[in-house]
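Comments concern the structure below.
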Amino acid sequence: MHDKSVARSAVLFSALAALLSAVLSAPTGPARKGVNDRPIIGVLSQAVFPVSKQFGESYIAASYVKYLESAGARVVPIRNDLSDAELKTLFGYLNGVLFPGGGVDLKTSGYAKAARLLFDLALKANDNNDYFPIWGTCLGFEELTVLISGENLLTHTNTSNIAMPLVFTKDAKESRLFRNFPTEVMHALKTKSITANFHNWSLSTKNFTANEKLKSFYRVISVNTDSTGVEFISTMEAFKYPVYGVQWHPEKNPFEWSIKVQNPHSIDAIRAAFYMGDFFVNEARKNFHKFPTEAMESKALIYNYNAVYTGNISTFSQKYFFNHSEPHQLLL
């Protein structure tokens with residue numbers, strides 16, 4: 001009897017400890033209704049490069065899909081040719097959206113137009129206590145700056161194919177993104193060249209500081225400096241909204257393997273990447289959108305597509321391709 005009492009006490013203590021941990025780590029902002037253990041994140045496609053046109057009209061690098069899946073999410077591709085009505089419908093089924101890196105126009109491309117609508121929907125949702133996170137990587141980061149400033153304020157930098165440590169700002173320690181990272185991961189990010197950079201354009205600290213719209217919307221968490229002395233923003237998050245941007249590529253560390261490029265694969269690099277993915281997926285767990293039926297959900301998932309090996313023609317090991325002449329899964 002005594003043993004059973006001790007066991008019950010231990011279970012109760014564990015439950016209370018878990019509850020206390022959840023309360024202490026709960027974000028400020030919209031009230032939480034629990035945790036969504038089946039998050040689905042949309043990843044936006046973009047126009048293919050000429051070398052890949054035989055495969056489809058738009059693509060998503062498979063590393064972004066693996067990056068999110070490894071943190072416990074499922075992925076739905078968001079084709080960049082969807083109509084506004086289709087994007088609005090799909091938004092209501094997703095728990096977060098990722099704008100990936102790439103190379104398309106930040107104002108006129110299908111990627112940019114879809115990003116604008118999705119971003120506006122996310123801000124409106126959050127204003128209505130519907131917690132909805134947005135993540136931008138590289139091109140996606142740059143798109144996030146244009147969406148707020150209304151301008152392309154990027155500056156040419158010597159930052160293509162180089163790994164760098166992050167230079168954290170004073171706000172990093174208390175940022176939503178980094179405040180719960182292990183000390184050793186933060187130390188590695190700060191002291192070792194484990195962030196992969198593949199961009200020719202950056203948002204300079206100078207241009208950021210001079211723009212009131214950007215300065216009032218985003219908190220700068222880290223900066224970097226290129227070989228010519230230009231300091232640029234490398235990590236940021238919105239003050240009011242769950243919107244996050246990294247100019248570097250955490251998804252490349254574990255999932256891109258071309259020997260032609262500087263993708264760090266050290267233990268520290270892999271660890272940092274997984275903590276970044278884990279953070280964003282946990283943000284998506286705070287959203288409770290869902291597909292109306294299991295059949296609709298199944299049709300929309302990335303599992304309906306086959307990743308193509310492109311390591312022989314690209315620095316991406318694999319890509320998913322989409323033919324826009326085919327009906328979108330939402331319409332089937």
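As the structure is a prediction and not an experimental result, all values here were calculated from the model. No hydrogens, no waters, no symmetry mates; every other heavy atom, side chains included, goes into these values.
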Looking at Phe141, Phe217, Tyr244, which one forms a side-chain contact (heavy atoms from CB on, under 4.5 Å) with Met236?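 Result: among Phe141, Phe217, Tyr244, Phe141 is the only option passing the side-chain contact (heavy atoms from CB on, under 4.5 Å) with Met236.
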To the nearest 0.5 Å, what is the distance between [atom1] ([X]) and [atom2] ([Y])?
X	Y	atom1	atom2	result
Leu106	Glu151	CG	CD	13.0 Å
Ser314	Glu256	OG	CD	7.5 Å
Tyr303	Leu301	OH	CG	6.0 Å
Ile270	Ile194	CD1	CD1	9.5 Å
Thr225	Glu231	OG1	CD	4.5 Å
Leu153	Lys213	CG	NZ	10.0 Å

Among pairs that include at least one residue of [range], which meet salt bridge (charged side-chain N to carboxylate O under 4.0 Å, His left out), considering only residues two or more places apart or in two chains?
range	result
residues 269-278	Glu184-Arg271
residues 301-311	none
residues 112-123	Arg116-Asp120
residues 47-75	Arg74-Glu297

Distance under 6.0 Å and angle within 45° of the ring axis: does Lys319 meet both against Tyr59?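 Lys319 over Tyr59 ring: yes.
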Please lay out, stage by stage, how Ser234 and Ser222 fare under the test side chain to side chain donor-acceptor pair (under 3.5 Å). CA-CA 5 Å; Ser234 49; Ser222 78; 2.5 Å; yes
How about [X] and [Y]: does a side-chain donor come under 3.5 Å of a side-chain acceptor?
X	Y	answer
Glu86	Thr89	no
His187	Asp268	no
Asn287	Asn36	no
Thr235	Trp248	yes
Asn80	His324	yes
Ser258	Asn263	no
Glu251	Ser63	no
Ser227	Asn158	yes
Tyr111	Asp105	no

For [Y], does its backbone N or O pair with a side-chain atom of [X] as donor and acceptor, under 3.5 Å?
X	Y	answer
Ser149	Leu214	no
Asn126	Phe132	yes
Ser216	Glu212	yes
Gln46	Gly103	yes
His289	Asn95	no

In the hydrophobic clustering that connects Ile, Leu, Val, Met, Phe, Trp and Tyr at side-chain heavy-atom distances below 4.5 Å, which members other than [X] occupy its cluster, ordered by chain and number?
X	answer
Tyr309	none
Phe198	Val261
Ile259	none

Are the ring centres of Phe288 and Tyr131 closer than 6.0 Å?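 Ring centroids of Phe288 and Tyr131 are no less than 6.0 Å from each other.
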When the aromatic ring centroids of Phe181 and Phe178 are compared, is their separation below 6.0 Å?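 Yes.
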Check the pair Thr157, Asn200 against side chain to side chain donor-acceptor pair (under 3.5 Å), reporting the backbone distance first and the verdict last. CA-CA 5 Å; Thr157 52; Asn200 293 308; over 6 Å; no
Are any of the side-chain heavy atoms of [X] and [Y] separated by less than 4.5 Å?
X	Y	result
Leu203	Glu142	no
Leu144	Ile134	yes
Phe208	Val220	yes
Phe55	Asn323	no
Val43	Ile78	no
Ser160	Asn197	no
His249	Thr137	yes

Who passes salt bridge (charged side-chain N to carboxylate O under 4.0 Å, His left out) against [X], sequence neighbours left out?
X	value
Lys206	none
Asp226	none
Asp84	none

Under the ring-ring contact (aromatic ring centres under 6.0 Å, His included) rule, collect the residues that match up with Phe232, sequence neighbours excluded.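 Scan of Phe232 (ring-ring contact (aromatic ring centres under 6.0 Å, His included), adjacent residues dropped) gives His199.
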Partners of Phe322 by ring-ring contact (aromatic ring centres under 6.0 Å, His included), sequence neighbours excluded?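 With neighbours one apart ignored, the set is Tyr305.
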Count the heavy atoms belonging to other residues, nucleotides or ligands that lie under 6.0 Å from CD of Glu294, then report whether that count exceeds 12.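 Incorrect, the count does not exceed 12.
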Please check if atom NZ in Lys215 has more than 12 non-hydrogen atoms from other residues, nucleotides or ligands closer than 6.0 Å.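 Yes, because the 6.0 Å sphere around NZ of Lys215 holds more than 12 heavy atoms from other groups.
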Test side chain to side chain contact (heavy atoms under 4.5 Å, CB included) on Phe239 and Tyr218 and set out the steps. CA-CA 6 Å; Phe239 286 106; Tyr218 292 115; 5.6 Å; no
Is Glu174 salt-bridged to Arg179, going by a charged N under 4.0 Å from an acidic O?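 Not counted as a salt bridge, because no side-chain N and carboxylate O are separated by less than 4.0 Å.
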In sequence, state the C-alpha distance, the side-chain angles, and the governing distance for Gln318 and Val308, and then conclude on side chain to side chain contact (heavy atoms under 4.5 Å, CB included). CA-CA 5 Å; Gln318 290 178 304; Val308 177; over 6 Å; no
May I have the step-by-step check of side chain to side chain contact (heavy atoms under 4.5 Å, CB included) for Ser266 and Lys192, ending in yes or no? CA-CA 10 Å; Ser266 67; Lys192 300 180 181 181; over 6 Å; no
Evaluate the criterion side chain to side chain contact (heavy atoms under 4.5 Å, CB included) for residue pair Leu94 and Ile41; output intermediate values, then yes/no. CA-CA 6 Å; Leu94 301 174; Ile41 294 173; over 6 Å; no
